[in-house]
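Okay, so here's the structure we're looking at.
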Amino acid sequence: MPYTVIASAVRVPWHSHHGGYDRLLDYLPEAKRITAPRGITGQKIATAAHHWLRRRCPLPFYPAEHFATDARVLVGRGPAHILYGDEQFWFSRHRPGPTAVTYHQPPAHLARFMQATDWRRLAAHASQIIAVAPDQLAFFANHLSEERVHLIPHGIDTAAFTPAGVPETGGRPMLLTVGWWLRDWDVLDMVHDRLHRRYGNDIEMVVITRQADRRTWHPAVRVLEGISELTLTQLYRQATAVFLPLTDATANNALLEALACGTPVVATDTGGISYYTGHGSASLLTPPGDAAAAAEAVETLLGELGTAAHAARRAAARERAGLFAWPRIADQVRSVYRLLEDER
């Protein structure tokens with residue numbers, strides 16, 4: 001009998017086609033997808049119900065589409081997997097069947113969603129919880145037994161995000177930054193300013209973000225938004241280094257995509273980042289808020305372009321990404337599904 005798996009009806013808009021967590025379902029053919037109604041009538045009913053019930057849900061992001069999937073999984077009696085518990089597991093907590101829930105936000109953000117008493121009430125309805133970073137384990141261990149909380153990392157499509165050889169040394173080195181959520185813009189600005197003052201236009205600085213028009217960028221930076229996945233992948237491949245200054249994190253799509261493309265990363269050592277980067281040569285981690293350390297790390301990678309050290313880092317990056325290839329992750333998720341089956 002197939003497992004029932006809930007997935008967002010609309011792809012998370014800031015993820016690439018092959019980068020979101022719902023990509024997991026492509027490697028779980030035994031799972032049945034549940035999506036929001038596609039017909040006009042069904043959408044109108046879901047929107048009207050969401051209008052009246054939204055105020056009873058404490059989740060900060062709970063749009064009509066996610067309410068609709070939440071409502072549809074509510075009535076199912078078989079095993080279910082809520083892929084985005086942060087924004088889809090509320091009314092469905094009352095469902096009669098066993099439920100696994102994956103959470104993606106850092107503990108500090110989860111704590112702001114609801115009071116601890118509300119979390120205990122909600123967590124009690126989840127048969128199994130999947131955490132994507134080690135620091136989430138302690139948060140959920142405060143609300144339910146440890147054997148019901150599983151650390152299973154986020155995956156990456158290593159067939160879609162691939163290296164394309166070592167970048168040519170004739171062009172300008174490129175420093176690429178991707179994303180918007182929990183980014184440390186102050187550190188980014190300071191690093192951009194230091195690089196431009198030292199190297200001028202000899203270094204290309206590119207940012208891909210959803211917040212292109214929401215802040216002021218360094219005038220030497222090329223800011224892109226709404227690009228295709230093909231363009232995104234090409235930029236990862238062309239980049240000498242990917243720079244990810246962060247204020248917090250669990251998994252990070254940009255980090256995994258960069259590693260899969262064989263591009264070394266400079267990232268803030270916060271949350272679950274070191275869990276994904278490991279301690280090899282693929283990444284250089286710097287303390288939170290330390291712009292000077294971040295700039296030095298970036299300059300180290302830029303200075304290695306065209307050397308054997310840079311080629312070794314690129315190989316290490318691709319090798320590290322292989323640990324998080326979706327087939328591996330899907331097998332780990334299946335172990336949780338078997339626990340759900342045992343509860344039937």
Side-chain angles (χ1 to χ4, degrees), residues 1-7 21-25 27-28 30-32 34 58-59 69-70 73-74 76-156 248-252 256 271-276 278 323-344:
M1 182 175 181
Y3 300 104
T4 300
V5 180
I6 185 172
Y21 188 70
D22 45 318
R23 187 78 171 96
L24 166 68
L25 299 183
Y27 298 89
L28 293 169
E30 67 272 30
K32 175 184 175 183
I34 294 181
L59 300 179
T69 52
D70 203 27
V73 79
L74 170 64
R77 294 183 176 275
H81 179 192
I82 312 293
L83 297 186
Y84 296 95
D86 322 76
E87 55 198 52
Q88 288 183 309
F89 185 51
W90 181 247
F91 292 110
S92 58
R93 72 192 189 279
H94 296 301
R95 67 186 309 273
T99 310
V101 187
T102 298
Y103 284 95
H104 299 263
Q105 294 303 319
H109 288 261
L110 293 174
R112 296 189 195 110
F113 285 0
M114 296 179 290
Q115 297 293 328
T117 53
D118 292 328
W119 267 114
R120 279 192 288 272
R121 294 192 188 102
L122 179 63
H125 291 278
S127 305
Q128 311 292 333
I129 284 180
I130 296 175
V132 297
D135 59 350
Q136 292 175 306
L137 297 177
F139 177 85
F140 287 109
N142 288 330
H143 305 307
L144 72 167
S145 57
E146 292 184 3
E147 65 269 14
R148 290 167 55 193
V149 184
H150 311 270
L151 176 58
I152 300 178
H154 197 295
I156 180 65
D248 206 345
T250 53
N252 186 283
L256 290 172
I273 293 301
S274 64
Y275 172 66
Y276 286 92
L323 299 178
F324 305 101
W326 275 123
R328 288 175 175 243
I329 306 307
D331 284 342
Q332 296 179 54
V333 172
R334 283 192 181 95
S335 67
V336 175
Y337 287 2
R338 286 192 287 271
L339 296 176
L340 296 180
E341 279 291 291
D342 292 341
E343 296 182 42
R344 288 172 64 91

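Because the structure is a prediction, the values reported are computed rather than measured.
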Got a donor-acceptor contact below 3.5 angstrom from the [X] side chain to the [Y] backbone?
| X | Y | result |
| --- | --- | --- |
| D70 | W90 | yes |
| R77 | P96 | no |
| Y276 | P153 | no |
| W119 | L110 | yes |
| R120 | N142 | no |

Not counting sequence neighbours, which residues clear side-chain contact (heavy atoms from CB on, under 4.5 Å) with [X]? List them please.
| X | result |
| --- | --- |
| S335 | R338 |
| P327 | Y27, A325 |
| Q115 | T117, D118 |

Check whether any side-chain heavy atom of [X] lies under 4.5 Å from a side-chain heavy atom of [Y], and answer yes or no.
| X | Y | result |
| --- | --- | --- |
| H154 | I329 | no |
| L25 | L83 | yes |
| H81 | L28 | no |

Could you tell me whether H104 and Y84 have their ring centroids closer than 6.0 angstrom?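 Judged by ring-centre distance (under 6.0 Å), H104 and Y84 do meet the cut-off.
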Test log, rule side chain to side chain contact (heavy atoms under 4.5 Å, CB included), inputs E30 and R334: CA-CA 10 Å; E30 67 272 30; R334 283 192 181 95; 2.7 Å; yes
Pairs where residues 136-154 contributes a residue and the test salt bridge (charged side-chain N to carboxylate O under 4.0 Å, His left out) is met, not counting sequence neighbours: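 Sorted pair list comes back empty.
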Not counting sequence neighbours, list each pair that qualifies as a salt bridge (charged side-chain N to carboxylate O under 4.0 Å, His left out) and has a residue in residues 96-116.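 Qualifying pairs: none.
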Return a table of donor-acceptor pairs under 3.5 angstrom between the side chains of residues 124-140 and protein atoms on other chains or two or more places apart.
{"from": "H125", "atom 1": "ND1", "to": "R93", "atom 2": "O", "distance (Å)": "3.0"}
{"from": "S127", "atom 1": "OG", "to": "T99", "atom 2": "N", "distance (Å)": "3.1"}
{"from": "S127", "atom 1": "OG", "to": "E343", "atom 2": "OE1", "distance (Å)": "3.1"}
{"from": "Q128", "atom 1": "OE1", "to": "H150", "atom 2": "NE2", "distance (Å)": "2.6"}
{"from": "Q128", "atom 1": "NE2", "to": "E343", "atom 2": "OE2", "distance (Å)": "3.1"}
{"from": "Q136", "atom 1": "OE1", "to": "V132", "atom 2": "N", "distance (Å)": "2.6"}
{"from": "Q136", "atom 1": "OE1", "to": "A133", "atom 2": "N", "distance (Å)": "3.0"}
{"from": "Q136", "atom 1": "NE2", "to": "Y103", "atom 2": "O", "distance (Å)": "3.1"}
{"from": "Q136", "atom 1": "NE2", "to": "Q105", "atom 2": "O", "distance (Å)": "3.0"}

